[in-house]
Each structure stands twice: as structure tokens, then as C-alpha cells.
Amino acid sequence: MSENGTPAGTETGKSNFIKEIIREDLRTGKHDTVATRFPPEPNGYLHIGHAKSICLNFGIANEFKGTCNLRFDDTNPSKEETEYVDSIQGDVRWLGFDWEERLYYASDYYEKLYHFAVVLIKKGKAYVCDLTADQMREYRGTLKQPGKESPWRNRSVEENIDLFQRMRNGEFKDGEKTLRAKIDMSSGYIVMRDPVLYRIQRSHHHRTGDAWCIYPMYDFAHPLSDSIENITHSICTLEFENNRPLYDWVVNETDTPHKPRQIEFARLNLSYTVMSKRKLLELVTKNYVSGWDDPRMPTIAGLRRRGYTPEAIRDFADRIGVAKADNMVDIAMLEHCLREDLNKRAQRVMAVIDPVKVIIDNYPEGKVEYVEAVNNPEDESMGKREMPFTRELYIERTDFMEVPPKGYFRLAPGAEVRFKHAYYIKCESFVKDADGNVTEIHCTYDPSTHGGWSQDGRKVKGTIHWVSAAQAVSCGIRLYDHLFTKENPDDLAEGEDYKANLNPNSLKTASAFVEPFIKNAKPGDRFQFDRTGYFCMDQDSTDSLPVFNRTVSLKDSWSKIAGK
RNA sequence: UGAGGUAUCGCCAAGCGGUAAGGCAACGGACUCUGACUCCGUCAUCCAAGGUUCGAAUCCUUGUACCUCAGCCA
């Protein structure tokens with residue numbers, strides 16, 4: 001069984017073209033086991049787009065009784081950090097996947113990769129080149145014009161072996177020489193125009209320290225790492241499609257016995273957010289958000305803090321499917337998956353975010369009685385709790401209107417509504433301040449409707465939430481909205497930067513009165529605040545001030561009607 | 001006439017020559033101690049034009065649009 005309770009070997013979810021390829025490979029006997037890998041570079045935090053890839057790779061391994069490795073593609077020490085490798089492991093685990101003992105690093109293979117490079121040199125398929133970066137760019141040609149061969153292209157094998165060894169020994173300056181594959185400077189695939197295999201770069205590596213001053217490039221390290229790990233299907237995103245001929249070249253020319261197949265799929269784009277690591281890093285470093293785990297971020301850490309569940313994210317990954325067409329998935333799809341999951345599981349609690357006081361004039365002063373409230377109507381096993389009911393309560397300001405429009409069935413002068421789980425309450429009068437704001441609503445209750453039922457068959461159209469003023473717990477509330485105002489933040493006017501589309505109202509803070517039950521909450525706990533939305537207790541909470549992040553609001557069809 | 005990809009409902013996405021699944025959104029309606037949930041119903045002829053075929057989203061031809069590639073990043 002996998003972590004999420006799916007028996008291994010059962011195909012789950014939708015099919016897609018990658019699974020079809022795998023089924024075919026299994027059927028024809030090309031492979032009898034499936035081995036995939038999730039290969040992040042530890043240069044940032046994982047985001048929802050990575051989650052799609054993780055679910056795909058680990059999902060396939062699970063369904064086909066294969067394995068999925070976690071491998072850090074750490075070949076560029078100048079950008080990589082231990083903080084990222086730690087967060088990535090935590091995020092993959094949180095999503096519910098397990099790489100067991102198969103945790104690998106490309107940097108573990110440096111020695112092997114070096115020897116593969118020597119094999120290429122000996123075959124006359126790689127050479128040490130003295131061109132500078134600028135020169136190399138010139139020699140590369142353009143999209144439409146072929147490049148020209150480097151003057152260093154025909155050095156002898158002996159000289160190349162010697163030079164490459166001396167590169168490793170640190171005898172040259174950074175950037176002074178490179179090791180290049182000798183392929184075809186006129187190829188339509190630019191990546192085949194004698195790509196760099198190794199560069200000299202004296203930066204401290206998070207794992208190998210200063211043991212190396214030459215580092216392999218992605219196009220060299222990746223296919224060979226796949227091969228070393230006996231990966232059968234190397235799944236990556238579309239932008240690597242152009243690199244596939246080089247992937248195959250490396251695997252073939254190094255004579256490695258295992259030749260994995262690279263398959264590309266379209267990466268996820270989500271409306272109202274950005275997915276590029278560069279942009280996410282900028283939002284963090286320039287403090288547009290509070291950190292990688294800011295609840296507005298599409299990072300796994302951000303979604304987790306926001307209150308998302310791994311189940312919802314996995315369900316989302318399954319529903320959006322896997323294909324090769326560029327896409328922009330509506331964030332409403334993600335929110336739908338979340339609501340569906342939370343609806344079944346979240347503890348209900350009453351919280352009033354924009355309060356107005358209600359006084360039950362015919363209720364005894366000083367009396368406190370407890371009414372029984374259902375914890376989750378979707379799950380009877382979650383039981384019931386008790387809520388204090390008293391003479392002075394708070395309700396939501398939007399649940400009262402002095403002059404209600406047609407179709408409004410909440411509280412209004414003369415109107416009777418149900419205070420959920422408590423009593424039928426009728427509005428008798430109200431008080432306004434000098435500015436015209438309602439400050440108090442005076443009501444009467446019907447003692448015969450205890451629990452919120454009437455024996456006389458009298459029906460009431462509206463049911464609203466409330467909280468007893470004396471026992472209410474004050475909480476901090478964070479209301480989140482989309483990080484960007486545009487569906488596609490990269491849809492820019494002349495000279496604009498994507499940051500021009502940042503939503504200035506993506507975070508609003510408020511305070512709320514919450515029923516005393518909330519005192520039991522711990523950071524990370526998720527609730528549905530009745531009729532309002534799903535909330536998750538934030539790590540910033542203190543004993544004196546619990547703080548809740550709004551994960552997602554409840555659907556609200558009244559606001560649609562009222563808006564018309 | 002640089003190369004490699006992709007085009008099916010507003011958004012994802014099935015379909016693999018036999019007469020357009022499903023989900024999200026939207027819009028009607030029912031139900032309701034959350035105007036939530038749930039439930040019912042409505043919502044496409046497949047980028048274009050030719051062709052092959054009894055029959056084409058699926059095959060062929062010619063176009064068109066969009067994406068990716070000129071880091072010693074991944």
C-alpha cells in the first residue's frame with residue numbers, strides 16, 4: 001500500500017499518453033518493471049506545478065508496481081542550498097509520497113560522470129575548448145544560421161585527456177576552458193551544436209564542498225543519472241523536448257547499458273498566480289510576500305500554511321490530467337477540490353468576523369445555557385459540542401438589513417430567523433449611531449424553539465450563525481485573495497513588469513469573535529467557520545491571540561443574486 | 001523551406017475510421033438548521049480549406065495560429 005491507501009499495482013485516476021506508452025512497453029516486454037524519478041534542483045521551494053509532476057511520477061510508480069526515486073539535480077552549486085533540499089523532502093512527504101531508501105543526488109555521481117566524460121574523449125566525441133563564453137555564442141550561430149566549428153575542436157585525444165584532468169585539478173581559471181561534446185555545429189537543434197558538458201566553477205557545493213571545481217551540465221548529468229539509476233521512463237516538461245536528441249546522444253555515446261526514454265508533458269499554469277521559480281524567488285527576496293510559505297504563494301509550503309490538504313492537491317493533479325498542449329488551469333478547479341475535501345472533514349465552528357451586537361430583550365440577564373451544535377453534518381461520527389447562549393450575542397453585520405431587498409431572508413425589522421442550533425429570534429428594533437451605523441439590534445426569542453426547532457410547524461427561511469459575547473474568543477483573521485489581479489500575470493502592457501499585476505488586496509486582516517470551542521485548536525488545525533469559509537490556524541498564533549488563515553471561502557450564491 | 005512541438009465547449013480533457021466521455025465554470029430548478037453540501041436539468045460537431053472513404057475529430061494534402069530552442073542555468 002502507498003501512503004495514501006491505494007494498493008500498489010492498481011491503476012488509479014485517469015489515463016494519459018504517458019501511461020499508454022508505459023503499458024505498451026510492458027506489453028511488448030521492452031520493460032518488465034517501471035522506474036521513474038522526481039528530479040528537483042534544490043534552488044527553490046516546490047510549487048503546485050511540481051506537485052503535478054510528483055503525483056505523476058510517484059503515481060505511475062505506484063500504479064505499475066514500480067519505483068520512483070527522489071533525486072536532487074544538484075549540478076550548479078552557485079544556486080543550490082541545503083535549506084531547499086530539506087524543504088523539498090518535507091513537501092514531497094507531506095504530499096503523501098515515499099521514496100523509501102531511494103534518495104539520490106546527482107552530486108553522488110560526480111566521479112562516475114567524470115569517467116563517462118573520459119569515455120567520450122577517448123572516443124573522440126568530446127574536446128576541451130578554450131573559447132570564451134562570448135566567443136562560443138558567436139560560434140554557435142543563430143536559429144536560422146548554422147554555427148561554425150571551434151578552432152579547438154580537433155585537439156588530440158591525449159591532449160584532451162590531459163587538459164580535462166588539469167581542469168579537474170584546478171589548473172585553470174573559472175570559465176577559461178570547457179569540455180564540449182563534438183556533435184554537429186550545423187544541427188537545427190541548437191543544443192546539438194557542440195554543447196558544453198563541463199564548466200569550471202569554483203563555488204562551494206552544499207554536499208561535495210570544495211572537492212570539485214568542475215561541474216557537469218544538466219544535459220550531461222541528467223541522462224546519465226537516469227541511466228545509473230536504471231530509470232525506464234524519464235518524465236520531464238515540454239521545454240526539454242529540444243534537448244531529447246542530446247539526451248539520447250549522451251546515453252548512446254557513453255555506451256551505458258541502460259537507455260532510459262525521455263517523455264515530455266506540458267507543465268501546469270494556474271490562473272491568477274505565477275509558477276516560475278525566478279519570479280517566486282523574487283517575490284520572497286523583495287518581500288512582496290512574507291516568505292516561501294506565505295499563504296498566498298502557490299508553493300507547497302504556502303498552500304499547506306493556507307490550509308490546503310494533500311488529498312485535495314492530489315485530487316487536483318488527477319483531475320487536470322496530463323497532456324502536451326499548453327494550458328492555463330482555472331484556479332477555481334483547485335479551490336473546488338479543496339472545498340470538496342474539507343466539506344467532508346472540517347470541524348464546524350461559529351465565528352463572527354464583522355460583528356454587530358444583538359440583545360435578546362426577553363432573555364434573562366446573567367443566564368448562560370448551553371445548546372448542542374453538530375460538529376459536521378457530513379460526518380455524524382464527529383459528534384456534537386456545546387455552545388453558550390446568553391442575552392448578548394454577536395452576529396455578522398451582513399446578516400441584518402434595515403431595509404431588506406426582495407429575496408433577503410436574514411434578520412430585518414420584524415423578521416424572524418433561526419439562530420443556528422439555538423432559537424428562533426425575531427428582530428424588534430435597532431439602534432444606530434450618529435453616522436447611521438447599526439450598533440445594536442434588539443430581539444426577542446421564542447423559548448419554545450430551543451435547539452432551533454418549532455413545534456408548531458412554523459418555518460423560518462433564514463438560519464444565521466452567532467456567538468455569545470461574554471464567552472467569545474477574540475481571534476486574528478487573515479483573508480486571502482488571489483496574488484495577482486490578472487488571470488495571466490504575464491499579460492503585460494508596454495514596459496510593464498509582472499509585478500504590476502500584483503493584487504494590492506491579496507491580504508486583508510480582521511478580527512473575529514469565535515465560539516469558545518476554538519480554544520482547543522492547534523496551529524495547522526482546519527475548520528469551517530459556519531457560512532463563511534474554511535480556516536486554518538496559523539503558526540503565528542499565541543495563547544492570547546489565535547490567528548486563522550482563510551483557506552477558501554464557501555460558495556456564496558446570495559452575493560451573486562444581491563449583486564444583480 | 002532553421003529545428004522541435006501543439007491545436008476538441010469559457011477552462012482542463014477523453015476520443016486511436018463507425019457517427020463528440022467526464023470534470024471545473026456558468027445558467028435554470030429541487031432540497032436545506034450553513035443562500036454551503038447534495039440532487040436534477042441546460043451547455044461543442046472537433047483551427048481552416050480541400051481530398052480518401054458507405055462513414056473522418058480520427059487517414060492524406062495544403063494552409064493558419066500558438067509554444068519551445070541561440071546560459072559555461074535546469
Side-chain angles (χ1 to χ4, degrees), chain A residues 14-16 20 39-41 43 73 75-76 78-79 129 131-133 136-138 140-147 174-180 186-193 195-201 214-215 217-219 221-222 236-245 264 266 268 271 277-278 316 318-337 339-340 343-344 348 350 373-374 377-378 407-410 417-422 451-453 460-465 487 528-533 553-562:
Chain A
K14 309 203 289 195
S15 187
N16 58 55
E20 277 190 33
E41 182 190 13
N43 67 344
D73 223 335
T75 56
N76 183 6
S78 66
K79 291 184 177 175
C129 184
L131 254 30
T132 65
M136 201 177 291
R137 191 176 312 118
E138 284 171 34
R140 188 150 37 225
T142 68
L143 292 176
K144 296 193 174 182
Q145 282 169 280
D174 284 15
E176 193 177 335
K177 293 185 190 311
T178 56
L179 181 75
R180 294 227 259 165
S186 65
S187 174
Y189 287 97
I190 299 221
V191 78
M192 296 296 267
R193 321 241 263 225
V196 171
L197 267 22
Y198 271 88
R199 77 284 212 182
I200 303 172
Q201 185 185 113
I214 58 172
Y215 291 96
M217 301 291 291
Y218 167 86
D219 283 310
H222 200 92
C236 65
T237 45
L238 240 37
E239 64 272 22
F240 292 102
E241 214 156 19
N242 294 312
N243 300 51
R244 191 171 62 225
E264 312 85 11
L268 168 69
S271 59
K277 275 199 194 174
R278 196 207 100 226
F316 172 72
D318 191 52
R319 290 200 204 207
I320 58 176
V322 177
K324 293 192 73 165
D326 289 330
N327 60 78
M328 166 79 76
V329 176
D330 192 338
I331 196 164
M333 179 84 98
L334 214 211
E335 294 173 343
H336 168 82
C337 295
R339 289 192 186 103
E340 190 171 270
N343 177 50
K344 290 179 303 195
R348 313 283 125 128
M350 291 204 215
V374 174
E378 304 287 328
Y408 185 83
F409 44 81
R410 275 113 95 152
V417 300
R418 173 188 297 112
F419 274 33
K420 193 173 168 77
H421 302 312
W453 295 101
V460 104
K461 189 72 173 159
T463 298
I464 66 176
H465 62 280
E487 198 170 298
Q528 181 193 113
F529 287 178
D530 274 290
R531 302 205 307 131
T532 304
S553 63
L554 250 33
K555 288 216 270 182
D556 180 6
S557 56
W558 167 246
S559 70
K560 267 183 207 167
I561 299 165

What's A:Arg418 touching, base or sugar-phosphate or nothing? Going by heavy atoms closer than 4.0 Å. base
Could you check how far CZ of A:Arg244 sits from P of B:rG5, rounded to whole Å? 6 Å
Using whole Å, what does the distance between atom C1' of nucleotide B:rA74 and atom CG of A:Asp73 come to? 7 Å
Spacing of the C1' atoms in B:rU19 and B:rU45 (rounded, Å): 10 Å
Please examine the side chains of A:Arg180 and A:Leu197, heavy atoms only from C-beta on, and report whether any two atoms are closer than 4.5 Å. no
Counterpart base for B:rC47, defined by Watson-Crick or G-U wobble contacts under 3.5 Å: B:rG63
Measure CG/A:Asn16 against P/B:rA14 and give the value in whole Å, please. 7 Å
Across every strand shown, the nucleotide meeting Watson-Crick or G-U wobble geometry with B:rU34 (both distances under 3.5 Å) is none
Identify which nucleotide among B:rA26, B:rA74, B:rG2 has an atom closest to any side-chain atom of A:Phe240, counting heavy atoms from C-beta outward. B:rA74
How far does the C1' atom of B:rA57 sit from the matching atom of B:rA74, given to the nearest Å? 37 Å
Does the distance from a Lys or Arg side-chain N to an Asp or Glu carboxylate O, for A:Lys277 and A:Glu41, drop under 4.0 Å? no
Closer than 4.0 angstrom, basic N to acidic O: yes or no for A:Glu264 and A:Arg244? yes
Out of B:rA70, B:rA74, B:rC73, minimum distance to the side chain of A:Gln201 belongs to B:rC73
Answer with base, sugar-phosphate or nothing: what part of the nucleic acid does A:Ile200 contact at a heavy-atom distance below 4.0 Å? nothing
Going by purine N1 to pyrimidine N3 plus the second Watson-Crick contact, or the G-U wobble pair, all under 3.5 Å, which nucleotide sits opposite B:rG2? B:rC69
Taking atom C1' in both B:rA25 and B:rC9, compute the distance separating them and give it to the nearest angstrom. 11 Å
Value in whole Å for how far the C1' atom of B:rA74 lies from CD of A:Glu241: 17 Å
How is A:Tyr215 classified with respect to the nucleic acid when contacts are heavy atoms under 4.0 Å: base, sugar-phosphate, or nothing? nothing
Spacing of A:Gln145 atom CD relative to B:rG2 atom P, expressed in whole Å: 11 Å
Check: A:Ser559 side chain, A:Ser557 main-chain N or O, donor-acceptor pair, under 3.5 Å: no
Distance-only, no hydrogens or angles: does the A:Thr142 side chain make a donor-acceptor pair with backbone N or O of A:Gln145 under 3.5 Å? yes
For B:rG71, does the glycosidic angle fall within 90° of 0 (syn) or outside that (anti)? syn
Can you tell me, in whole Å, how much space there is between the C1' of B:rG63 and that of B:rG23? 34 Å
Residue whose closest nucleotide on RNA chain B lies nearer the 5' end, A:Asn242 versus A:Leu334: A:Leu334
Selection from B:rA3, B:rA74, B:rC72 that lies nearest to any side-chain heavy atom of A:Tyr189: B:rA3
Proximity to the side chain of A:Asn76 - top-ranked nucleotide from B:rA74, B:rG4, B:rU34: B:rA74
Could you tell me whether a side-chain N or O of A:Asp330 sits under 3.5 Å from a main-chain N or O of A:Met333, the two making a donor and an acceptor? no
Between NZ on residue A:Lys461 and OH on residue A:Tyr408, distance to nearest 0.5 Å: 14.5 Å
4.5 Å side-chain heavy-atom contact, A:His222 and A:Met217: no
Measure the CZ-CD distance between A:Phe316 and A:Glu335 for me, rounded to the nearest 0.5 Å. 10.0 Å
Taking CG from A:Asn243 and P from B:rA3, how many angstroms apart are they, rounded to a whole number? 18 Å
Distance check needed: B:rC73 P versus A:Lys79 NZ, whole Å only. 8 Å
Looking at A:Arg193, I'd like to know whether one of its side-chain N or O atoms comes within less than 4.0 Å of OP1 or OP2 on B:rA3. no
Which part of the nucleic acid does A:Met136 contact within heavy-atom distance under 4.0 Å: base, sugar-phosphate only, or nothing? base
What is the nucleic acid contact for A:Asp219, judged by heavy atoms within less than 4.0 Å: base, sugar-phosphate only, or nothing? nothing
Assign A:Thr132 to base, sugar-phosphate, or nothing according to its heavy-atom contacts below 4.0 angstrom with the strands shown. base
Within the structure provided, determine whether A:Asn76 and A:Arg199 are in side-chain contact (heavy-atom separation under 4.5 Å). yes
Result for 5'-nearest mapping on RNA chain B, choosing between A:His222 and A:Asp530, is A:Asp530
Looking only at the side chain of A:Arg137 (C-beta and beyond, no hydrogens), which of the listed nucleotides B:rG71, B:rC24, B:rC72 gets closest? B:rG71
Are A:Arg319 and A:Glu340 within salt-bridge range, i.e. N to O under 4.0 Å? yes
Polar side-chain contact A:Glu20-B:rC16 base: donor and acceptor under 3.5 Å: yes
Suppose we define a pair by two distances each less than 3.5 Å, Watson-Crick or G-U wobble; what does B:rG18 pair with here? B:rC54
Extract from the structure each pairing of a protein N or O with an N or O of nucleotides 7-13 of chain B at less than 3.5 Å, listing the distance.
| from | atom 1 | to | atom 2 | distance (Å) |
| --- | --- | --- | --- | --- |
| B:rC11 | O3' | A:Met328 | O | 3.1 |
| B:rC11 | O2' | A:Met328 | O | 2.7 |
| B:rC11 | O2' | A:Asp330 | N | 3.4 |
| B:rC12 | OP1 | A:Met328 | N | 3.0 |
| B:rC12 | O2' | A:Ile320 | O | 2.7 |

Of the candidates B:rG2, B:rA70, B:rA74, the side chain of A:Arg199 sits closest to B:rA74
C1' spacing across the pair B:rA70 / B:rA3, given as an integer number of angstrom: 12 Å
Mind checking the NE2-CD1 spacing from A:His336 to A:Ile331? Nearest 0.5 Å is all I need. 14.5 Å
Distances for protein N or O near nucleotides 35-41 of chain B N or O, under 3.5 Å:
| from | atom 1 | to | atom 2 | distance (Å) |
| --- | --- | --- | --- | --- |
| B:rG35 | OP1 | A:Arg531 | NH1 | 2.9 |
| B:rG35 | O2' | A:Ser557 | OG | 2.3 |
| B:rG35 | N7 | A:Arg410 | NH1 | 2.2 |
| B:rG35 | O6 | A:Phe409 | N | 3.1 |
| B:rG35 | N1 | A:Gly407 | O | 2.8 |
| B:rG35 | N2 | A:Gly407 | O | 3.0 |
| B:rA36 | OP1 | A:Ser557 | OG | 2.7 |
| B:rC37 | O2' | A:Asn343 | ND2 | 2.9 |
| B:rC37 | O2' | A:Glu378 | OE2 | 3.4 |

For the C1' atoms, the ones on B:rC40 and on B:rA44, what distance do you get once it is rounded to whole angstrom? 22 Å
Give me the atom names and distance for the closest heavy-atom approach of A:Arg339 to A:Ser553. NE-O, 2.8 Å
B:rU42 pairs with which nucleotide, Watson-Crick or G-U wobble, both distances below 3.5 Å? B:rA26
Between B:rC12 and B:rG17, how far apart are the two C1' atoms, rounded to whole Å? 26 Å
Quick one: which of B:rA25, B:rU34, B:rG71 gets closest to the side chain of A:Lys420? B:rU34
Considering only atom C1', compute the distance from B:rU52 to B:rC67 and round it to an integer number of Å. 32 Å
In this structure, how many angstroms lie between the P atom of B:rC69 and the CD atom of A:Glu264, rounded? 14 Å
